[in-house]
Amino acid sequence: MKIDLNLAPEKIIIISAAVQPIYNTKAHTRREKSTLTISFDVAAKLDSKVASMKAKMSSLFDSKKKIKVSLKYHEADMLELLLIDAIKYADNDFIRQQIQSVINVLNQKLT
């Protein structure tokens, strides 16, 4: 199953930045390694989308066009879990709002 997210450019940048701390995580058990591998895949997919988006657009914030991100079901589920954790550390209300809106969209699509 595929989950498609259509997000504004600034949301993708915020979400990508929010999941970056996953690269500093160490796994010890088999379950943790499996979970971490999925997390790395999600973070890499978001990083790739941000890089290609930046290359195509002259001004990211002037663009009204939404960017499509396709995730497999387990990737979307992991992204939701990562964002639920990341929202605790958001230091800005705008960033917290953007993360929460993506969590809400993911929750609706995963149900």
Side-chain angles (χ1 to χ4, degrees):
M1 291 172 56
K2 289 271 187 179
I3 306 290
D4 292 329
L5 298 174
N6 291 312
L7 302 172
E10 67 269 8
K11 277 191 186 181
I12 293 178
I13 293 169
I14 290 169
I15 297 308
S16 178
V19 298
Q20 289 302 309
I22 198 68
Y23 288 121
N24 298 326
T25 305
K26 299 271 191 231
H28 303 289
T29 66
R30 182 177 175 185
R31 177 72 57 198
E32 289 173 352
K33 289 176 184 177
S34 175
T35 303
L36 193 58
T37 301
I38 297 169
S39 301
F40 286 159
D41 290 345
V42 171
K45 193 173 278 194
L46 291 171
D47 291 343
S48 172
K49 189 59 81 170
V50 168
S52 68
M53 184 179 65
K54 284 181 180 179
K56 291 179 185 174
M57 293 184 186
S58 59
S59 177
L60 291 174
F61 298 102
D62 290 340
S63 175
K64 300 291 183 206
K65 185 178 178 185
K66 295 195 176 209
I67 309 297
K68 181 179 177 180
V69 179
S70 293
L71 299 169
K72 294 178 183 175
Y73 190 88
H74 66 280
E75 292 173 332
D77 185 52
M78 184 57 63
L79 178 58
E80 182 186 26
L81 294 173
L82 290 171
L83 293 177
I84 289 170
D85 186 54
I87 200 168
K88 299 173 196 171
Y89 305 105
D91 55 355
N92 182 319
D93 285 337
F94 176 74
I95 292 173
R96 198 173 296 114
Q97 247 180 351
Q98 298 302 308
I99 293 172
Q100 187 61 55
S101 72
V102 175
I103 291 171
N104 294 344
V105 168
L106 284 167
N107 189 275
Q108 284 181 337
K109 291 189 179 234
L110 290 168
T111 309

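From a predicted model like this one, the values you see are computed outputs, not experimental measurements.
- Under the rule for a side-chain hydrogen bond (donor to acceptor under 3.5 Å, both in side chains), Glu32 has no partner lying at least two apart in sequence or in another chain.
- Ala86 approaches Ala18 most closely through the heavy-atom pair CB-O, 3.6 Å.
- The structure places CD of Gln98 at 9.5 Å from CG of Asn92, a figure rounded to the nearest 0.5 Å.
- Side-chain polar atoms of Asn104 and Gln100 form a donor-acceptor pair below 3.5 angstrom.
- Here Ile3 contributes atom CD1 and Leu71 contributes atom CG; the two are 8.0 Å apart, rounded to the nearest 0.5 Å.
- Annotation for Lys26: atom NZ does not count as buried by contact number, only 12 or fewer foreign heavy atoms lying within 6.0 Å.
- Residues satisfying the side-chain hydrogen bond (donor to acceptor under 3.5 Å, both in side chains) criterion with Asn24, sequence neighbours excluded, are absent altogether.
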Side-chain polar contacts of residues 41-49 - donor-acceptor pairs under 3.5 angstrom, sequence neighbours left out - could you list them?
| from | atom 1 | to | atom 2 | distance (Å) |
| --- | --- | --- | --- | --- |
| Lys45 | NZ | Ser70 | O | 3.4 |
| Lys45 | NZ | Glu75 | OE1 | 2.9 |
| Asp47 | OD1 | Ser16 | OG | 2.9 |
| Asp47 | OD1 | Gln20 | NE2 | 2.7 |
| Asp47 | OD2 | Gln20 | NE2 | 3.4 |
| Asp47 | OD2 | Tyr23 | OH | 3.0 |
| Lys49 | NZ | Lys68 | O | 3.0 |

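- Residue pairs meeting the ring-ring contact (aromatic ring centres under 6.0 Å, His included) criterion with at least one member in residues 80-111: none, sequence neighbours excluded.
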**Prompt:** Should Ile22 and Thr25 be marked as a side chain to side chain contact (heavy atoms under 4.5 Å, CB included) after you check the CA-CA gap, both sets of side-chain angles, and the distance that decides it?
**Reply:** CA-CA 5 Å; Ile22 198 68; Thr25 305; 3.9 Å; yes
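- One distance of note links CD1 of Ile12 with CE of Met53; it measures 5.0 Å at 0.5 Å rounding.
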Solution key, residues 77-85 side-chain donor-acceptor pairs under 3.5 Å, sequence neighbours excluded:
| from | atom 1 | to | atom 2 | distance (Å) |
| --- | --- | --- | --- | --- |
| Glu80 | OE2 | Asn107 | ND2 | 3.1 |

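- In this structure, Tyr73 contributes its side chain and Leu110 its backbone to a donor-acceptor pair below 3.5 Å.
- Closest of all the heavy-atom pairs between Lys65 and Pro9 is O-CD, 3.6 Å.
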**Item:** Criterion side chain to side chain contact (heavy atoms under 4.5 Å, CB included) on Asp93 and Arg96, from CA distance to verdict
**Value:** CA-CA 5 Å; Asp93 285 337; Arg96 198 173 296 114; 2.6 Å; yes
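- To the nearest 0.5 Å, the span separating NZ on Lys72 from CE on Met1 amounts to 13.5 Å.
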**Request:** Mind running side chain to side chain contact (heavy atoms under 4.5 Å, CB included) on Ile99 and Ile15 for me, showing each step along the way?
**Result:** CA-CA 6 Å; Ile99 293 172; Ile15 297 308; 4.1 Å; yes
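- Of all the heavy atoms in Ala17 and Pro21, the pair that sits closest is O-CD, 3.9 Å.
- Partners of Thr35 according to the side-chain hydrogen bond (donor to acceptor under 3.5 Å, both in side chains) rule, which considers only residues two or more places apart in sequence or in another chain, do not exist here.
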